[in-house]
Colleague: 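Got a structure here, written out as structure tokens. Questions coming.
Quick note on labels: first sequence line is chain A, next is B, and so on, each numbered from 1.
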Amino acid sequence: MEPEIQLEIEGEVHQLPSGVRPFDLPERDPEALAAWLDGQVLDLKKPLLKGGTLQWLTFDDSGGRQVFRHSSAHLLAQAVKRLWPNAKLGTGPALEDGFYYDIWLPVPLTEPDLARIEAEMRRIVSENLPIERLELSREEAVRIFSERAEEFKLQIVERITDDTTISAYRQGEFVDLCTGPHLPQTGYIGAVKLTNVSGAYWRGEEQNPMMTRIYGTSFPTQEALEEHLARLEEAKLRDHRKLGPQLDLFSFKEEAPGFTFWHPKGYQLYRTLEEFSRRLQEERGYQEVSTPWIYRAALWQRSGHWDHYRDNMFLIERDDEVLGAKPMNCPGHALLFKGNIRSYRDLPIRLAEYGPLSRFERSGTLHGLLRVRGFHQDDAHLFVREDQIHQEMFGVLDLMDVVYRAFGLPYEVVFSTRPDDYMGDLALWNQAEQELERVLRDRGLKYQINPKDGAFYGPKLDISAIDSLGRRWQLATIQLDFQLPEKLDLHYVDDEGHWRRPVMIHRAILGSVERFIGILVEHYAGAFPLWLAPIQARVIPITEQQVTYAEEIRRKLHRHGIRADVDARNQKMGYKIREAQMEKVPRMLIVGGRDQENHTVSLRTREQGDLGAKPWPDYLYQLIEEAEMPLS
RNA sequence: GCUGGCGUAGCUCAAUCGGUAGAGCAACGGUUUUGUAAACCGUAGGUUGCGGGUUCGAGUCCCAUCGCCAGCUCCA
């Protein structure tokens with residue numbers, strides 16, 4: 001008698017012969033791309049030898065999408081191999097919104113090549129080749145990929161351990177080493193688009209050969225693909241590098257790559273943000289200082305930056321000695337701390353600084369405001385006793401919460417642990433890592449662990465946000481440091497009169513003010529909330545007759561701390577309104593003859609449009625309230 | 001830094017095969033005096049990123065360089 005298995009599908013239990021393929025079941029969802037059996041994603045054509053609960057994965061499931069995109073990557077590789085038979089395949093995974101394949105090519109790729117590859121991919125789709133799984137012995141795998149001169153695949157085979165099944169997938173003449181799973185046929189891939197080409201080192205190591213990485217995306221239908229491409233276009237319009245200059249906030253110039261020119265409006269925004277940070281920190285016992293921005297090399301040698309950070313520093317040679325511009329404030333703050341004898345009663349001492357920092361970033365890594373060479377942090381160093389670590393860390397996380405809630409910025413917490421080139425004593429590192437984890441748990445924060453990504457002097461907690469194109473950027477950082485107090489020999493006097501070593505907490509909440517503004521521009525698409533907007537209100541006289549009245553209103557607004565201007569140009573009202581809307585000014589106070597007579601302003605808001613006449617100056621008091629900083 | 005791509009007026013873009021660099025918006029001058037997203041007329045604006053080369057002739061072809069874009073690497 002043939003062995004049977006029991007499969008539960010959509011609540012119904014079926015008795016089926018062992019070896020049945022999900023693909024052949026009459027219950028199969030016609031949109032299914034793969035099957036899910038008790039937590040495992042399987043090919044639809046996988047013969048089932050044991051029973052369980054089976055679900056269909058479609059393009060709406062992330063698992064289904066992943067299979068779809070992974071098969072699309074194979075499709076890409078097959079097309080490239082048809083066009084360049086001596087191309088050598090690297091790896092080609094699925095991504096969130098698409099896929100890529102790293103391929104070594106004898107010639108550089110050009111735009112028209114992408115179109116040719118796409119055309120070939122469509123041909124393979126129309127051939128509707130069956131996709132077949134092969135399970136291979138190591139010898140077979142080596143033979144297959146040697147025959148095809150796929151040296152990179154052979155390297156992968158070598159690294160596969162003996163306890164793993166070596167599998168490959170075949171579609172037509174094409175075979176790729178792959179664990180799968182995959183779609184049943186190439187015909188499933190309804191629409192593909194190759195988006196861009198770039199270089200990528202084999203296995204991500206700089207000394208390895210550079211492969212050509214071809215990115216693409218794919219969807220079941222042409223309409224879905226076009227919708228996706230339209231969304232990408234939308235996102236590009238939010239890009240801070242486009243919006244910033246458009247809104248006249250900042251610019252970059254060839255003469256100073258990686259440094260920001262802050263225009264009047266952008267700098268206003270910058271100062272508002274800094275003021276926000278100042279007020280929150282003063283309330284919490286921080287003291288603002290300003291320390292030198294250039295130090296003799298000897299300090300950097302003592303602090304460890306010379307060994308761990310020199311390549312990223314701007315160095316200056318004068319009078320036969322080397323000086324370095326500061327990439328961080330910590331050594332300066334430590335020196336300031338050291339300048340007096342400190343009692344245990346003085347701690348914690350919280351030193352804040354907003355001064356300029358410079359880091360020499362490699363040219364290819366610069367990216368608008370999000371990666372610059374010259375920037376400012378809302379930086380602070382907390383000098384604390386060991387028994388104060390927990391409480392102070394708790395306070396920092398609390399401040400962070402206030403700040404990020406004020407902007408409604410979605411963020412992720414990452415806990416980065418000891419890197420390979422760490423400085424100092426292993427026991428201290430372990431202690432610091434345990435402290436950080438304990439505070440995270442006590443605050444109930446969700447976090448991910450990023451092993452070996454800590455700073456060279458201590459483990460850190462990073463907050464990152466995502467830009468308009470889905471790239472992740474680190475904003476806040478909180479680091480516990482037992483090393484620097486040691487290196488620079490910091491101490492305080494404890495309650496028994498003994499010298500003790502303080503602990504340093506490095507922290508920046510906004511992170512870099514530059515980067516934070518870049519993220520904010522994209523987050524709000526340039527339409528900043530009232531309290532942040534560089535120009536909060538624009539007074540628009542309808543005719544020349546109201547310019548004096550308009551000026552009067554503007555002066556009064558300013559006197560009460562509202563940033564306002566008057567558009568007195570000889571233009572129609574509609575024109576001025578249109579410009580104010582495009583500049584994303586949150587409030588427009590329109591004044592015509594009627595307003596002047598009745599002592600009103602005609603209010604228009606950026607979001608709601610015309611709201612009619614409001615008595616003046618009553619409206620001023622409403623505006624003052626609406627424009628308050630979100631300090632709690 | 002590496003691989004590939006792109007640099008034309010302040011912005012968005014055009015210029016056939018190598019043959020006189022052009023338009024809209026913005027700016028400026030004037031007319032208009034206006035009630036909720038673009039009034040009208042006119043003027044000016046350029047060493048085509050910078051430097052070489054090929055050619056009778058280069059925005060266009062070649063070399064080099066700078067900057068930017070995508071990704072890699074790096075990343076407090």
Colleague: Ignoring hydrogens and geometry beyond distance, is the side chain of A:S602 in donor-acceptor contact with the base of B:G35 at under 3.5 Å?
Modeller: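 Indeed, a donor on one side and an acceptor on the other fall under 3.5 Å apart.
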Colleague: With a 4.0 Å cut-off on heavy atoms, is A:F456 in touch with a base, just the backbone sugar-phosphate, or nothing at all?
Modeller: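 Nothing: the residue A:F456, judged by heavy atoms under 4.0 Å, touches no strand.
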Colleague: Write down the distance separating the C1' atoms in B:G59 and B:C13, rounded off to the nearest Å.
Modeller: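 About 14 Å, rounded to a whole number of Å.
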Colleague: Taking the P atom in each of B:U20 and B:A15, what is the distance between them to the nearest angstrom?
Modeller: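 Each nucleotide's P atom is 14 Å from the other's.
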Colleague: Charged N to carboxylate O below 4.0 Å: is that the case for A:E353 and A:K326?
Modeller: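 Salt bridge present between A:E353 and A:K326.
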Colleague: Could you list the donor-acceptor pairs under 3.5 angstrom formed by side chains in residues 470-481 of chain A, with sequence neighbours left out?
Modeller:
residue	atom	partner	partner atom	Å
A:R471	NE	A:D467	OD2	3.1
A:R471	NH2	A:H367	NE2	3.4
A:R472	NH1	A:E412	OE1	2.4
A:R472	NH1	A:E412	OE2	3.0
A:W473	NE1	A:D467	OD2	3.1
A:Q474	NE2	A:D462	OD1	3.3
A:T477	OG1	A:D462	OD1	2.9
A:T477	OG1	A:Q479	NE2	2.9
A:Q479	OE1	A:Y457	OH	2.5
A:D481	OD1	A:Q483	N	2.6
A:D481	OD1	A:L484	N	3.0
A:D481	OD2	A:H506	NE2	2.8

Colleague: Examine A:K253 relative to A:F261 and say whether NZ or CZ is less than 6.0 Å from the centre of the six-membered ring and inside a 45° cone about the ring axis.
Modeller: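 Yes, a cation-pi geometry.
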Colleague: Return a table of donor-acceptor pairs under 3.5 angstrom between the side chains of residues 448-456 of chain A and protein atoms on other chains or two or more places apart.
Modeller:
residue	atom	partner	partner atom	Å
A:N450	ND2	A:D453	OD2	3.4
A:K452	NZ	A:D420	OD1	3.2

Colleague: Please say whether the positively charged group of A:R515, taken as NZ for Lys or CZ for Arg, lies over the ring of A:F375, i.e. under 6.0 angstrom from the six-membered ring centre and within 45 degrees of the axis.
Modeller: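 That pair does not qualify as a cation-pi contact.
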Colleague: Check every strand shown and say whether A:R569 touches a base, only sugar-phosphate, or nothing at a heavy-atom separation below 4.0 Å.
Modeller: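 Here A:R569 touches the backbone only, sparing every base.
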Colleague: A:Y100 ring centre to A:R213 NZ or CZ under 6.0 Å, with the angle to the axis within 45°?
Modeller: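 Yes, a cation-pi geometry holds between A:R213 and A:Y100.
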Colleague: Is any N or O donor-acceptor pair between the side chain of A:D610 and the base of B:G35 shorter than 3.5 Å?
Modeller: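 Donor-acceptor pair under 3.5 Å: no.
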Colleague: Considering only heavy atoms and no angle criterion, is a donor-acceptor pair shorter than 3.5 Å present between the side chain of A:R213 and the base of B:U3?
Modeller: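 It does not, because no donor-acceptor pair links the side chain of A:R213 to the base of B:U3 below 3.5 Å.
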Colleague: Under 4.0 Å, heavy atoms only, any strand: does A:T365 hit a base, just the sugar-phosphate, or nothing?
Modeller: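 The answer is base, as A:T365 lies within the cut-off (heavy atoms under 4.0 Å) of a base atom.
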Colleague: Is A:E551 salt-bridged to A:R554, cutoff N-O under 4.0 Å?
Modeller: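 Salt bridge present between A:E551 and A:R554.
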Colleague: B:U34 phosphate, OP1 or OP2: any side-chain N/O from A:R594 under 4.0 angstrom?
Modeller: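 For B:U34, OP1/OP2 do not have a side-chain N/O of A:R594 under 4.0 Å.
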Colleague: Any side-chain N or O of A:H367 less than 4.0 Å from the OP1 or OP2 oxygen of B:C75?
Modeller: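 Looking at the OP1 and OP2 atoms of B:C75, neither is under 4.0 Å from any side-chain N or O of A:H367.
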Colleague: What are the residues of residues 507-522 of chain A, sorted by number, that bring a heavy atom to within less than 4.0 Å of RNA chain B?
Modeller: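 The answer is none.
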Colleague: If I pick the C1' atom on B:C56 and the same atom on B:C72, what distance separates them, to the nearest angstrom?
Modeller: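 Result for the C1' pair: 47 Å, nearest Å.
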Colleague: Given the C1' atoms of B:U8 and B:U12, what is the spacing between them in whole Å?
Modeller: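 B:U8 and B:U12 have their C1' atoms separated by 12 Å.
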Colleague: Within the structure shown, what part of the strands sits under 4.0 Å from A:D595 by heavy-atom distance: base, sugar-phosphate, or nothing?
Modeller: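 If one applies the 4.0 Å heavy-atom cut-off, A:D595 turns out to touch a base.
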Colleague: Go through residues 242-252 of chain A and report each residue with a non-hydrogen atom lying under 4.0 Å from RNA chain B, sorted by number.
Modeller: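 By residue number: none to list.
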Colleague: Counting only side-chain N and O atoms of A:R471, is one of them less than 4.0 Å from OP1 or OP2 of B:A70?
Modeller: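 Yes, A:R471 has a side-chain N/O under 4.0 Å of OP1/OP2 on B:A70.
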Colleague: Closest approach to the side chain of A:M210, judged atom by atom: which nucleotide of B:U73, B:C2, B:U36 is it?
Modeller: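 That would be B:C2.
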Colleague: Is the NZ or CZ atom of A:R116 positioned over A:W84's six-membered ring, under 6.0 angstrom from the centre and within 45° of the axis?
Modeller: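 Yes - A:R116 lies over the ring of A:W84, closer than 6.0 Å to its centre and within 45° of its axis.
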Colleague: Mind checking the CH2-CG spacing from A:W616 to A:L557? Nearest 0.5 Å is all I need.
Modeller: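 Those atoms lie 4.0 Å apart.
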Colleague: Report, as a single string ordered 5' to 3', how protein heavy atoms within less than 4.0 Å touch nucleotides 39-51 of chain B: B base, S sugar-phosphate only, - not at all.
Modeller: B------------
Colleague: Does the base of B:C74 carry an N or O that pairs as donor and acceptor with the side chain of A:R371 under 3.5 Å?
Modeller: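 By the distance-only test, yes, there is a pair.
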Colleague: Which dot-bracket string fits RNA chain B when only Watson-Crick or G-U wobble pairs with both atom distances under 3.5 Å count, crossing pairs get [ ], and | stands for a partner on a different strand?
Modeller: (((((((..((((.....[..)))).(((((.......))))).....(.(((..]....))).))))))))....
Colleague: Would you indicate which nucleotide in B:C72, B:A37, B:C68 comes nearest to any side-chain atom of A:R604?
Modeller: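 Comparing B:C72, B:A37, B:C68 against the side chain of A:R604, the answer is B:A37.
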